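Heads up: the structure comes next, in structure tokens.
It should be emphasised that the depicted structure is a prediction, and the values quoted were computed from it without experimental measurement.
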Amino acid sequence: MCKVYHEVIRVSTARQFDLIDITEYVEEAVRKSGIKNGLCLVFAPHATAAIIANEREYGLLQDILSFIRELTQPSRDWKHNAIDDNAHAHIGSAIIGAERMFPVVDGKLARGTWQNIFLVEMDGPRSVRNVIIIVIGS
Ligand code: ZN
């Protein structure tokens with residue numbers, strides 16, 4: 001019998017480019033779901049944010065944000081900036097992706113030791129960013 005568990009978490013971001021560790025929320029959602037084996041989708045319903053899984057090491061987090069800033073070029077003369085000054089954030093979201101999928105094995109989120117889950121903010125600060133968590137399985 002397949003079950004589906006749904007939860008929305010809300011986080012705030014403090015800077016234009018920011019990484020918010022949401023690992024605990026995702027693992028808690030998997031626990032609450034009661035699902036033993038299946039998949040966990042982590043999805044940010046935003047066009048200017050993304051989801052990644054990587055190591056929570058302070059220097060690396062700064063490196064990732066530096067790279068995203070260089071990649072997306074916020075100061076470039078993007079056409080979208082004529083109506084909304086955040087083209088770089090849309091491009092970052094499009095490239096990095098607004099979701100990540102994880103296995104659920106034996107009732108736990110299966111992730112590497114150095115794979116924490118982060119919301120990537122590229123158009124902050126924002127008082128509210130939503131993350132939808134769906135756990136599906138049996
Ligand atoms: Zn925009």
Can you list every salt bridge (charged side-chain N to carboxylate O under 4.0 Å, His left out) pair that touches [range], not counting sequence neighbours?
range           : value
residues 5-23   : E7-K32, R15-D18, D21-R56
residues 78-106 : none
residues 63-75  : none

Between OG on residue S33 and CD on residue E28, distance to nearest 0.5 Å: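 Reported value, rounded in 0.5 Å steps: 10.0 Å.
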
Residues, nucleotides or ligands: over 12 heavy atoms within 6.0 Å of E57 CD: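 Yes, CD of E57 has more than 12 neighbouring heavy atoms, counting only those of other groups under 6.0 Å.
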
Residue pair N116 / R111, side-chain donor-acceptor N/O under 3.5 Å: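 Yes, a side-chain donor-acceptor pair sits under 3.5 Å.
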
Counting distance only, does the side-chain N/O of [X] pair as donor-acceptor with the main-chain N or O of [Y] below 3.5 Å?
X    : Y    : value
W78  : Q73  : yes
T13  : R126 : yes
S66  : Q62  : yes
E121 : D123 : yes

ILVMFWY cluster, I91 and L119 together (side-chain gap under 4.5 Å):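 Different hydrophobic clusters.
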
Test log, rule side chain to side chain contact (heavy atoms under 4.5 Å, CB included), inputs V30 and F102: CA-CA 11 Å; V30 170; F102 299 88; over 6 Å; no

Residue pair A87 / N81: nearest heavy atoms and the distance that separates them: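 Looking at all heavy atoms of both residues, the shortest contact is N-OD1, 2.9 Å.
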
Minimal non-hydrogen separation, S127 against S12, with atom names: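 What the structure gives for the nearest pair is O-CB, 3.2 Å.
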
Under 3.5 Å donor-acceptor pairs involving side-chain atoms of residues 38-51, not counting sequence neighbours:
{"residue": "H46", "atom": "ND1", "partner": "R129", "partner atom": "NH1", "Å": "3.3"}
{"residue": "H46", "atom": "NE2", "partner": "N130", "partner atom": "N", "Å": "2.9"}
{"residue": "H46", "atom": "NE2", "partner": "N130", "partner atom": "O", "Å": "3.4"}
{"residue": "T48", "atom": "OG1", "partner": "R129", "partner atom": "NH2", "Å": "2.9"}

Counting only pairs under 3.5 Å, give me each side-chain donor-acceptor contact of residues 131-138, with atom names and distances, residues two or more places apart or in other chains.
none

Shared-cluster residues of F17, by chain and number - hydrophobic side chains joined below 4.5 Å: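 F17 shares its hydrophobic cluster with L19, I52, L60, L61, I64, L65, I68, I96, F118, V120, M122.
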
